[in-house]
Amino acid sequence: SQQGEEDPQALSIQEGENATMNCSYKTSINNLQWYRQNSGRGLVHLILIRSNEREKHSGRLRVTLDTSKKSSSLLITASRAADTASYFCATDDGGGADGLTFGKGTHLIIQP
Amino acid sequence: KAGVTQTPRYLIKTRGQQVTLSCSPISGHRSVSWYQQTPGQGLQFLFEYFSETQRNKGNFPGRFSGRQFSNSRSEMNVSTLELGDSALYLCASSPIQGGETQYFGPGTRLLVL
């Protein structure tokens, strides 16, 4: 079953602008991860944030986690055309029984 | 290190047939997980193998099965194919069982006619 729900489902911005995607989930988690997928190919791991962390940075990526609201956001700063892709949040409840539980993703289009 | 490889990349089958997909994990990775991705259901966990044993299984019928070999390579089998099995099947590896970060392969796109 899907745990994460990304918002918005699609986002189109101009190159150079910042892109923000949100993810909500339903149950307690051990960590939350963001993945990128280009054109129906494999997923690329972007960043992992643990349940006891509130914010994490990696290059142009900034992730926040609010466990009280069961939500996370991914900010991509200074977007580039190469950032065009689908972005998925995935939760790990730590039990391993269900693998990673993915949301349905946000499709991001960067207009040149 | 070479990434996760999956073969074949594309496959067309007809209803009722069976199919076997193959996955070679990153060298040194012992856990292999399989996911199904469809437009309607999104990404769903199929199963995880570690040390040649299935450790976890998602909510899929028994037609979906897999195995792992001593070199950590894994195969996934779907018997009696249905139209709804058309999907992108993704394999992911990690160094340990239930590894936090999953490294995904490019996927096998299966079309069932």
Chemist: Let me see the working for B:Val112 and B:Val78 under side-chain contact (heavy atoms from CB on, under 4.5 Å), right down to the final yes or no.
Modeler: CA-CA 11 Å; B:Val112 182; B:Val78 187; over 6 Å; no
Chemist: Which region of B:Gln37, side chain (C-beta onward) or backbone (N, CA, C, O), has a non-hydrogen atom less than 4.5 Å from a non-hydrogen atom of chain A, or is it both or neither?
Modeler: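 B:Gln37 touches chain A through side-chain heavy atoms alone.
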Chemist: Does any donor atom in the side chain of A:Arg62 or A:Thr77 lie under 3.5 Å from an acceptor atom in the other side chain?
Modeler: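 A:Arg62 vs A:Thr77: no donor-acceptor pair found between side chains.
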Chemist: So what's closer than 4.5 Å to chain B heavy atoms on A:Leu48: side chain, backbone, both or neither?
Modeler: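 Answer is side chain: those atoms of A:Leu48 sit under 4.5 Å from chain B.
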Chemist: Measure B:Arg109 against the heavy atoms of chain A and call it side chain, backbone, both or neither at under 4.5 Å.
Modeler: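 Side chain only.
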Chemist: B:Pro39, B:Ala92, B:Gly107, B:Pro106: which one forms the most heavy-atom pairs within less than 4.5 Å of chain A?
Modeler: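 Counting heavy-atom pairs under 4.5 Å, the top option is B:Pro106.
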Chemist: Classify the side-chain pair B:Gln102/A:Gln33 by whether it contains a donor and acceptor separated by less than 3.5 Å.
Modeler: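 No, A:Gln33 and B:Gln102 have no side-chain donor paired with an acceptor closer than 3.5 Å.
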Chemist: Which atoms of B:Tyr35 come close to chain A, meaning under 4.5 Å heavy atom to heavy atom: side chain ones, backbone ones, both, or neither?
Modeler: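 B:Tyr35 touches chain A through side-chain heavy atoms alone.
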Chemist: Give the ring-plane orientation class for B:Phe64 versus B:Tyr89, where under 30° counts as parallel, over 60° as perpendicular and anything between as tilted.
Modeler: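 B:Phe64 vs B:Tyr89 ring planes: tilted.
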Chemist: Quick one: does B:Cys23's side chain get under 4.5 Å of B:Met76's, heavy atoms only?
Modeler: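 Heavy-atom side-chain distance check fails, nothing below 4.5 Å.
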Chemist: Between B:Ser33 and chain A, with a heavy-atom cut-off of 4.5 Å, which part of the residue counts as in contact: side chain, backbone, both or neither?
Modeler: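 Neither; nothing under 4.5 Å.
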